[in-house]
Asker: 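First the structure, which I've put down as structure tokens, then a few questions once you've had a look.
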Amino acid sequence: MKELRMVDADGHRGCVMWLTGLPGAGKTTICRQTERELGRLGIRSVTLDGDQLRQGLCRDLGYSEQDRQENLRRAAEVAAMFAAAGFVVLVAMISPMRQARDQIRQRLQDDGFAEIYVDCPLALCEQRDPKGLYRKARSGEVRDFTGIDAVYEQPLNADLTLKTGHQSIEVSTEEFVAFVIRHLT
Ligand SMILES: Nc1ncnc2c1ncn2[C@@H]1O[C@H](COP(=O)(O)OS(=O)(=O)O)[C@@H](OP(=O)(O)O)[C@H]1O
Ligand SMILES: Nc1ncnc2c1ncn2[C@@H]1O[C@H](COP(=O)(O)OP(=O)(O)O)[C@@H](O)[C@H]1O
């Protein structure tokens, strides 16, 4: 039964790769690169990015713990639909709370779920600051910012950890693509 849910009518296997990590850790970058690599291998994938979902499906939500939980719940439901259609779903969302991640794991247990910890030290994420949000969080312009004045609980049982603080984007992507392929076979 488990197997059937993850395979679409044409035999494509679906799964959900849930990337969690601090802002600036590299979740989006790795998902986009991985999408490209999987495409080259003829594997259909789609990225659900927190930033993008928050512009539409989740635009009524903010960054309180409750809103983040609802944000993640919605993303998990969308991910399940894509996985059932045979897609490799790459989710790039901070997902800061352990309990919320455990609930997602339970919800997606029949959808080929794996939790990927995109592990980069806070100091380096802040140095990268790709969207300038750490700077705004330090100046008080942005509040409840993960890593500064909102908590990030590191995963204790991730299925894969990508050390993006010490690796190039290419090496992280290669490691991740290899994991996805092992997970599918
Ligand atoms: N207060 C606060 N805290 C954290 N993040 C903030 C905040 N305000 C805006 N942003 C931007 O929103 C992106 C995070 O959205 P997510 O949906 O992934 O967050 S969560 O999983 O619901 O915690 C996050 O994107 P990434 O940097 O790609 O992680 C930020 O760009
Ligand atoms: N090994 C790596 N993996 C991913 N990103 C990296 C890596 N090394 C450096 N970076 C850089 O870090 C930044 C990560 O930003 P982004 O992907 O938006 O993070 P997130 O989605 O986690 O907020 C990018 O500017 C990217 O070029």
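In each ligand, atom 1 is the first atom listed, and ligand 1 is the first ligand listed. Side chains are part of it too, since the values below use all heavy atoms of this structure and drop only hydrogens, waters and symmetry mates.
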Asker: Does ligand 1 have a heavy atom under 4.0 Å from the side chain of D67, from its backbone, from both, or from neither?
Answerer: neither
Asker: Closer than 4.0 Å to some heavy atom of P23 - which atoms of ligand 1 meet that?
Answerer: 27 (O), 29 (O)
Asker: Could you check which of V171, I169, T28, L133 puts a non-hydrogen atom nearest to atom 7 (C) of ligand 2?
Answerer: I169
Asker: Would G26 count as being in polar contact with ligand 2, using the rule that some N or O on each side must be under 3.5 angstrom apart?
Answerer: yes
Asker: One residue to check: M93. Relative to ligand 1, which of side chain, backbone, both or neither has a non-hydrogen atom less than 4.0 Å away?
Answerer: both
Asker: Record the part of R143 in heavy-atom contact with ligand 1 below 4.0 Å; permitted values are side chain, backbone, both and neither.
Answerer: backbone
Asker: Applying a heavy-atom cut-off of 4.0 Å, say which part of F145 lies close to ligand 1: side chain, backbone, both or neither.
Answerer: both
Asker: Counting only heavy atoms, which portion of L72 has something under 4.0 Å from ligand 1: side chain, backbone, both, or neither?
Answerer: side chain
Asker: For ligand 1, does P96 get within less than 4.0 Å through its side chain, its backbone, both, or neither, judged by non-hydrogen atoms?
Answerer: side chain
Asker: Heavy-atom pairs closer than 4.0 Å: do any link ligand 1 to the side chain of N71, the backbone, both, or neither?
Answerer: side chain
Asker: Measure A92 to ligand 2 on non-hydrogen atoms and call it side chain, backbone, both or neither using the 4.0 Å cut-off.
Answerer: neither
Asker: Examine the proximity of ligand 2 to P23 and report which part, side chain or backbone, both or neither, has a heavy atom under 4.0 Å away.
Answerer: backbone
Asker: Any idea which part of K27 is under 4.0 Å from ligand 2, heavy-atom wise: side chain, backbone, both or neither?
Answerer: both
Asker: Report yes if some N/O of Y63 lies less than 3.5 Å from some N/O of ligand 1; otherwise report no.
Answerer: yes
Asker: Is it true that, when you exclude E65 itself, more than 12 heavy atoms of the residues, nucleotides or ligands shown sit nearer than 6.0 Å to its CD?
Answerer: no
Asker: Could you establish whether A150 and ligand 1 come within less than 4.0 Å of each other, counting only heavy atoms on the residue side?
Answerer: no
